[in-house]
Protein chains: 2
Amino acid sequence: MTRDGKMRLGLSMRYLGYHVAAWRHPSVPADGALSFAHFLNTARKAEAAHFDMVFFADGLGIRANDNPKGSLARDMRNAELEPLTLLAALAATTRQIGLVATASTTYNEPFHIARKYASIDHISGGRAGWNVVTSWSDEEAQNFNRSETLAYADRYERADEFVDVVRALWNSWEDDAFVRDKASGLFYDEARLHVPDHKGKHFRVRGPLNSARTPQGQPVIVQAGASEAGRRLAARCADVVYSNAHDLQSAQDYYFDLKRRLAAHGREPDDLLIMPGIVPFVAATRQEAQDKYDELQELIHPLSGLAALYGQMGDLSGYPLDGPVPDPSDKRPGNITSIANNLLEVARAENLSIRQLYQRVASTFGVRLLIGTAADIADEMEEWFRNDAADGFNICPPILPAGMDDMSDFLVPELRRRGLFRTRYEGTTLRANLGLKPNVFKRS
Amino acid sequence: MTRDGKMRLGLSMRYLGYHVAAWRHPSVPADGALSFAHFLNTARKAEAAHFDMVFFADGLGIRANDNPKGSLARDMRNAELEPLTLLAALAATTRQIGLVATASTTYNEPFHIARKYASIDHISGGRAGWNVVTSWSDEEAQNFNRSETLAYADRYERADEFVDVVRALWNSWEDDAFVRDKASGLFYDEARLHVPDHKGKHFRVRGPLNSARTPQGQPVIVQAGASEAGRRLAARCADVVYSNAHDLQSAQDYYFDLKRRLAAHGREPDDLLIMPGIVPFVAATRQEAQDKYDELQELIHPLSGLAALYGQMGDLSGYPLDGPVPDPSDKRPGNITSIANNLLEVARAENLSIRQLYQRVASTFGVRLLIGTAADIADEMEEWFRNDAADGFNICPPILPAGMDDMSDFLVPELRRRGLFRTRYEGTTLRANLGLKPNVFKRS
C-alpha cells in the first residue's frame, strides 16, 4: 500500500488488448496496432479516468514461432507501431498522463536510450518512463546480428551497466546549467557541466548528453524483475515494478522481498512502487462479466490455442480438439517434462479436452484474470493493496478500447467510492503523480 | 528543374536557425531547441506556406570542441530534442507537411531504423523521410564505445549495406498482406510475407519487420552525398539530395554528375531531387535585408568567431580582434596549411581584421548566403532552378521562427507570382507532394 492510501493505476495498451483473440472481437479495430488514432483514443480515455500512466510492452521483432504450422498467421502480434515513436506522438497529444515504453538494454546503446527518453520527457513536460528489459528471445537476437539470445547473466550484467550509463548521461548537466544569457553571450555555465566519461566492461561513453536535465530530473525507471538479477536491478534503480502474481501469498512474498532489498541502496520502501498485472473482465453483473469472457474464449482460433500449448506439450494438432489431452510423447520440444506433466495433471484432474486446456492457457498471456462486478474486482484489488501485495495495478484490459471504457464506467468509480483512487492529478509530472520523491541532481 | 516546373522547398529547422548567433537575437526563444512548442510553431508555419517538408540535421553528441577555451559555452549547439522523437511528435500534430530527420548508419542498427521510420510513416499517414548520414566526428564515436570515427570507406561500406537491409525490412510484407479476417481468424496471408533473412558483411538480420508496409510504401530516403562514395549511395537509393554549392557552375556540375549516375541503377533523372541549401536574409528592401544580416553578425561572440577559425588558423585568441590576421604559426592544429593560407590570402587581399574574417567564416555554418529582396533571392533561385542546378531548395533560415515568417511574407509570394511554387498540396504523402513515383512493392 502507498503512503497516501491511493492506488497507482497503469494501462497496458500494447496491441489490441491482453486476450489472445482480442482482434477478432466485433468492437476491436483489427488494424488498431498500426493506428495512431486508436492509441490516442485509448490513451485519452485513460487520461480522462486519471490513470497514472499508459504502458507499452515491446519485443524487437516477432517472438512467436509458427508452431503448429499456420498459427503465426492467426496471431495479432505481428505488426505494430514502434513504442518510442508512439510515445513521443502521445506526448504531443496528451496533457497529464504518464507515458511508459519498453526499451531493451541488450540491443540498444545507452546514448540513444538516454537521449530519446530525455527528449520525450521534455516534449511531454515530465511524463516519460522507461521500462528496462533485457530481451530473452532468439528471434530478437536474430534481428541484431546474433543467432541466439545472450546468456541470462550476461544480459543482466550489461543491463546493470547500461542503466548506470543512462543515468550518468541524464545528469550531464545540472538543472540550471543553461543560463542562455543573450546579453553576455554565455549559453551554459561550464561549472555545471559534468562529462560522464564512462569506461566500463560493456560500454565506453564519454558524453555529455546533448540535452538538458529533464522536467522530471530523470525519466521514471520501470522494471519487471522477477528473477534474482532482475530483483537486484529493480531494488537498485527502479521507481516502479510491474510484477506478475496469481495469488495473494506469492504477491506478498515478492512485495516483501523487493521492499526489503531497498535499504541496502539507501532507499525507503515508498521509493519503489509494485504494480501487479491484472486482466479484468468487469460488467454490471457477474453473469455479464462471465459472458464477456466466454465470448472471447470462443474466438480463440484452435491454431492459436495449440500454439499456446506447443512449448509445453508439443504439437497436438493431430488430435481431436474436443477429445482428451494425450500423454506426453517424444514430439515435445526440449526438456520440459515437468511443466508438461503439470499441465497434463490439470487436464486429467478436471477431465479437460484439448480445447478446454488451451482456453485456460492461451487466454490472457499468463496475466492474472479477474472476472466479476466492479465490487468483486475492487475487493480483490483492495485486499492486495491493504495487505502488502501491491501499491497499485498494471491493468491489462482484454480488449481495447472497450476494456478501458469498462474501467472508466465500472471499476474506477467503485475504487473512488472506496477512497482508493484519485479524482484529479496531484502534479504535472509522472513522478509527482506517482508520489515519488523529486529526482534531485547528484553528481554521479 | 522538376518535370512540373515547380520548386520543392524544405525547411531546415535544427536548433534556432543557421546563423551561429541565432540564439542571441531578441526575437529567438533561446531555449527553443528543447521546446516542442517552438518546433511545432515553426513547422506549422512551414505547413501553412505549403513547404514540402521540414528537416532536422543531427549529430550524436556535441561535435564542437572547446577551442579556444570558453567557446563551447557560447555555442547553442549543446542541447536539443532528439530528432526521431521530435519527428513523431510533429507527425501527430501536423497534417500535410513532410517530416525528415537524420539517423546515422554508423551508430545504429538497421532493425531499429527501419522500424522507427516505418512507425513515423504510419503515424503521419505517409510523410516520413530518413536522411542517411555516416557520422564523421570523433566526438560521436566516443559516445558509442569507440575512440575515433570509422574510416571513410568503412563508413560508406556499412551505410550501403545498412540501407539495403532497411529497405528489405520495409518490404517484409506486401501491401495487402494483413487481411485481418475476423470471421475466419486469419490475420495475415503467409504468401505475402517475405522474410529478408539478410546475411552480409556488416549485418545479419533475419526479420521480418514487425510493421506493415507504410502509407508511402517506403519512407522517403534523403542523403547529402558530396564525396564519391556519398554520390554512389545517393544515385543508388536516395529520393532527395541536400547539396551545398556556392556558385552556379559547381551546382550544375554536381547536378549533372548525380543525375547522370541514375541510369546505371535503372532510374530516371526525375527520380532524384537535388535541393541545395540556402540561408536567405530577405526583407522589403535590400537595405533592410542587409541590416538584418549585420544585426546578427554583430551578435557573434568573439569566442564563437575564433572557434570557427580554429580548425584552419589555430588559436588566435591572443591577438587583437580588430587587428590584422597574423601569419600562420606552429600553433595551428594538424596539417592544414593550404586552407589556412587560403583564408589568409582572403584576409590579406581584402585587408580584413580577425573579427572581419571570422564574421565571414562563422556566420552561416558554410551554407550559401543570400541577402536581398524577395525578387533578388527569387532571381537567384530561379536561375539555378531553370539551369539544371537545382530541383528545389533546402531553406535554412538564419533565425527561427522569424526566418520562416520572412519566407511566408516575402519569398513564397514572390515564387508563386512566378509560378514556381505550389498554392496547395497535391497529394497526401511526402512522396506524392515531391512528385516522386509511388513506391511499388518489389521482392528484394
Side-chain angles (χ1 to χ4, degrees), chain A residues 23-24 26 30-31 34 36 40 59-62 73-76 78-82 84-86 88-93 107-109 111-112 115-116 118-120 122-123 139 142-146 173 178 180 182 185-190 203-208 210-212 299 301 304, chain B residues 23-24 26 30-31 34 36 40 59-62 73-76 78-82 84-86 88-93 107-109 111-112 115-116 118-120 122-123 139 142-146 173 178 180 182 185-190 203-208 210-212 299 301 304:
Chain A
W23 73 275
R24 296 183 70 186
D31 62 353
L34 284 167
F36 177 62
L40 177 57
L60 294 166
I62 297 168
R74 273 81 190 171
D75 195 320
M76 68 178 166
N78 282 297
E80 59 183 331
L81 297 178
E82 187 276 334
L84 281 173
T85 46
L86 176 53
L90 289 172
T93 48
Y107 303 113
N108 276 297
E109 290 291 330
F111 195 88
H112 286 309
R115 195 175 178 217
K116 285 179 163 64
S119 188
I120 295 170
H122 283 293
I123 293 171
E139 287 80 7
Q142 289 159 16
N143 290 331
F144 293 90
N145 308 316
R146 296 181 53 83
W173 308 87
F178 290 95
R180 303 187 187 96
K182 290 189 182 193
L186 190 70
F187 199 78
Y188 69 79
D189 176 356
E190 293 175 89
F203 303 106
R204 281 182 299 128
V205 181
R206 185 176 182 278
N210 49 351
S211 170
L299 291 172
H301 194 284
S304 296
Chain B
W23 73 273
R24 296 183 70 185
D31 62 352
L34 285 166
F36 176 64
L40 177 58
L60 294 166
I62 298 168
R74 274 81 189 170
D75 195 320
M76 68 178 165
N78 281 297
E80 61 184 328
L81 296 179
E82 187 277 334
L84 281 172
T85 46
L86 176 53
L90 289 172
T93 48
Y107 303 113
N108 275 298
E109 290 292 329
F111 195 88
H112 286 308
R115 196 176 178 215
K116 286 181 162 65
S119 188
I120 295 170
H122 283 293
I123 293 170
E139 287 80 6
Q142 288 158 16
N143 290 332
F144 293 90
N145 308 316
R146 295 181 53 84
W173 308 86
F178 290 96
R180 303 188 187 97
K182 290 189 181 191
L186 190 70
F187 199 78
Y188 68 80
D189 176 357
E190 292 175 271
F203 303 106
R204 284 181 297 129
V205 181
R206 186 177 181 278
N210 48 351
S211 170
L299 291 173
H301 193 282
S304 297

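The model shown is predicted, which means the values in this text are computed figures rather than measured ones. Every chain is numbered from 1 and lettered A, B, ... according to where its sequence line falls, protein lines coming before strand lines. Any value given below was found using the heavy atoms of this structure, including those in side chains, with hydrogens, waters and symmetry copies removed.
- From B/Trp173, atom CH2 reaches atom CG of A/Asn78 across 4.5 Å, with rounding to the nearest 0.5 Å.
- For the atom pair CG of B/Leu34 and CZ of A/Arg180, the computed distance is 6.0 Å after rounding to the nearest 0.5 Å.
- When heavy atoms are compared at a cutoff of 4.5 Å, A/Ala91 does not approach chain B at all.
- Of the residues considered (A/Ser119, A/Gly207, A/Gly59), A/Ser119 shows the highest number of contacts with chain B, using heavy-atom pairs under 4.5 Å.
- Residue contact with chain B, scored on non-hydrogen atoms closer than 4.5 Å, involves the side chain of A/Phe36 exclusively.
- A/Ile123 is listed as a side-chain neighbour of B/Leu81, based on a closest heavy-atom distance under 4.5 Å.
- Scanning all heavy atoms of the two residues, the minimum distance from A/Ala79 to B/Phe178 falls at CB-CZ, 3.5 Å.
- For chain B, the option among A/Gly61, A/Ser304, A/Ala212, A/Pro26 with the highest count of heavy-atom pairs below 4.5 Å is A/Gly61.
- At least one side-chain heavy atom of A/Arg115 sits less than 4.5 Å from a side-chain heavy atom of B/Glu80.
- For the side-chain contact (heavy atoms from CB on, under 4.5 Å) test, residues two or more places apart in sequence or in another chain that qualify with A/Asn145 are B/Glu109, B/Phe203, B/Arg204, B/Val205.
- Comparing A/Leu60, A/Ile120, A/Ile62 by heavy-atom pairs within less than 4.5 Å of chain B, the highest count is held by A/Leu60.
- Heavy atoms closer than 4.5 Å to chain B are found in both the backbone and the side chain of A/Thr85.
- Annotation: the span from B/Glu82 atom CD to A/Phe111 atom CZ amounts to 10.0 Å, rounded to 0.5 Å.
- In this structure, the portion of A/Asp75 lying under 4.5 Å from any heavy atom of chain B is its backbone and not its side chain.
- Ring geometry for A/His112 versus B/Phe144: interplanar angle of 30 to 60°, hence tilted.
- For the options A/Ala73, A/Pro208, A/Ala89, heavy-atom pairs under 4.5 Å to chain B are most numerous at A/Ala73.
- Of the atoms belonging to B/Ser211, heavy atoms from both backbone and side chain fall under 4.5 Å from chain A.
- For the pair A/Lys182 and B/Trp23, the tightest heavy-atom approach, listed with the atom from each and the gap, is CE-O, 3.1 Å.
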